[in-house]
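So that we are looking at the same thing, I have put the structure below in structure tokens.
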Amino acid sequence: MLAAVRKWLPRAIVGVVLVGLLLAGGTAFRVWHVARADERPRVDAIVVLGAAQYNGRPSEIFQARLDHARRLYEEGVADVVVTTGGMRTGDTYTEAEAGANWLVRQGVPVEATLPVGEGSDTLRSLRAAAEVIQERGWHDVVLVSDPWHSLRAEIMAEDAGLSVWTSPTHSGPIVQTRSTQMRYILRETAALLYYRLSKDPADQVDDLGM
């Protein structure tokens, strides 16, 4: 019996390692593949994932997302832009408020913005936005975030009951260098695997400057 265990244990370990590598590699490929998508059907709402804001001024990452959402709105993808994200301790504005205000300053009508200022991470922000969207009888959305964040956000939004297309921004600091892109792909791969296993927002790997 002991001899059999000694014979098969190394093979089992190698098998587990190979399965893990295949799972991680497949997930990383999906993160990369969805990052390249740009889906722009006519939908009920454009949903922008929040990011850091400073006293009402969206960060560079957030501005890139908002500007992309503004262009989608101007192209007629949807009549409403939903901005998401709560506030951190000491903040005066929620990310959603800062985002909506920025859009209005850029010419989007105030009635075309819908800030949902709840949630401290991607999962909770999307759940809050999905509830507000569904209360209005809406269902179909185009999701705007960074390329590498798109797959995880899409899966979370679908889990919240929405039909989702993705149109990530391809400007901003996250997409400027190959090393930055690779770092975010690896972190998003880890975050998505964690979410798949636990249905938890993965706070410890969700801190991507978003």
Side-chain angles (χ1 to χ4, degrees), residues 30-53 56-85 93-117 119 122 125-176 180-181 184 188 208-210:
R30 287 194 66 205
V31 169
W32 173 83
H33 181 72
V34 172
R36 297 167 62 86
D38 188 3
E39 302 169 313
R40 304 185 180 201
R42 174 70 181 176
V43 292
D44 298 316
I46 300 161
V47 179
V48 188
L49 271 294
Q53 60 83 29
R57 179 177 60 84
S59 63
E60 189 175 353
I61 290 173
F62 198 10
Q63 282 191 36
R65 298 179 188 181
L66 292 164
D67 193 49
H68 186 71
R70 176 187 60 80
R71 291 195 297 271
L72 294 178
Y73 169 79
E74 291 174 349
E75 290 175 10
V77 171
D79 295 330
V80 175
V81 181
V82 179
T83 52
T84 69
Y93 297 86
T94 65
E95 293 170 0
E97 290 171 330
N101 291 341
W102 188 92
L103 288 169
V104 171
R105 290 195 297 272
Q106 303 306 310
V108 177
V110 65
E111 62 270 17
T113 63
L114 179 57
V116 182
T122 301
S125 294
L126 282 170
R127 284 176 174 170
E131 184 176 348
V132 170
I133 289 168
Q134 291 165 338
E135 284 175 351
R136 286 163 170 74
W138 302 339
H139 192 253
D140 300 334
V141 304
V142 166
L143 197 61
V144 176
S145 188
D146 305 309
W148 329 115
H149 191 220
S150 292
L151 176 59
R152 181 161 60 101
E154 177 185 12
I155 290 170
M156 289 177 171
E158 288 175 345
D159 286 349
L162 299 176
S163 292
V164 184
W165 288 263
T166 60
S167 180
T169 177
H170 288 280
S171 62
I174 284 180
V175 296
Q176 287 181 352
T180 301
Q181 293 173 21
Y184 278 92
E188 276 299 320
L208 305 180
M210 298 174 182

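Given the structure is predicted, the values throughout are model-derived calculations rather than measurements.
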- Message: Does Arg70, at its CZ atom, have more than 12 non-hydrogen atoms belonging to other residues, nucleotides or ligands within less than 6.0 Å?
- Response: yes

- Separation between CG (Leu66) and CD1 (Ile46), nearest 0.5 Å, reads 11.5 Å

- Task: Mark yes when over 12 heavy atoms from residues, nucleotides or ligands other than Tyr93 sit less than 6.0 Å from its OH; otherwise mark no.
- Result: no

- What closest approach, in Å, do Ala112 and Asp79 show between heavy atoms, and which atom pair accounts for it?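 Closest heavy-atom pair between Ala112 and Asp79: CB-O, 3.4 Å.
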
- Item | Smallest separation among heavy atoms of Ala64 and Thr169, with atom names |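 Taking Ala64 first and Thr169 second, the nearest heavy atoms are O-OG1, 3.4 Å.
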
- Taken to the nearest 0.5 Å, the spacing of Glu74 CD from Gln106 CD works out to 9.5 Å

- Message: Checking Arg136 against Val80 for the side-chain contact (heavy atoms from CB on, under 4.5 Å) test, could you report, in this order, the C-alpha distance in whole Å, the side-chain angles of both residues, the deciding distance, and whether it holds?
- Response: CA-CA 12 Å; Arg136 286 163 170 74; Val80 175; over 6 Å; no

- Spell out, as yes or no, whether a donor-acceptor pair under 3.5 Å connects the side chain of Glu154 to the backbone of Thr166.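 Side chain of Glu154 to backbone of Thr166, a donor-acceptor pair under 3.5 Å: no, none is there.
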
- Task: Would you give the length of the straight line joining atom CD of Glu39 to atom CG of Leu143, rounded to the nearest 0.5 angstrom?
- Result: 10.5 Å

- So how far is it from Asp140 CG to Ile133 CD1, rounded to the nearest 0.5 Å?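 Answer rounded to 0.5 Å: 10.5 Å.
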
- So, do Thr94 and Pro115 sit near enough that their side-chain heavy atoms are less than 4.5 Å apart?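 They are not in side-chain contact.
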
- Task: Can you see which heavy atom on Val82 is nearest to which on Ala129, and at what distance?
- Result: CG1-CB, 4.4 Å

- What are the two closest non-hydrogen atoms of Ser59 and Ala51, and how far apart are they?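 Scanning both residues, the minimum pair turns out to be OG-CB, 4.2 Å.
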
- Quick one: does Arg65's side chain have a donor or acceptor within less than 3.5 Å of a partner on Gly50's backbone? yes

- Exercise: identify the closest heavy-atom pair between His170 and Ala37: NE2-O, 4.3 Å

- Report the distance from atom CG of Asn101 to atom OG1 of Thr83, rounding to the nearest 0.5 Å.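 Rounded to the nearest 0.5 Å, the CG-OG1 separation comes to 8.5 Å.
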
- Minimum heavy-atom distance Ala157-Val164, with the two atoms named: CB-CG2, 3.6 Å

- Value for CZ (Arg152) from CE (Met156), rounded to nearest 0.5 Å, stands at 4.5 Å

- Heavy-atom donor-acceptor pair, His68 side chain to Ser145 backbone, under 3.5 Å: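 The answer is no, because no donor-acceptor pair under 3.5 Å joins these two groups.
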
- Message: Is it the case that the side chain of Ser125 and the backbone of Thr122 share a donor-acceptor pair, with hydrogens and angles ignored and the cut-off at 3.5 Å?
- Response: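 Such a contact is absent between Ser125 side chain and Thr122 backbone.
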
- Query: Any chance CD of Glu131 has more than 12 other-residue heavy atoms, nucleotides or ligands included, within less than 6.0 Å?
  - Reply: no

- Under 3.5 Å, is there a donor-acceptor pair between the side chain of Asp67 and the main chain of Gln63? no

- Which of Val43, Leu162, Val132, Asp44 passes side-chain contact (heavy atoms from CB on, under 4.5 Å) with Trp138? Answer is Asp44

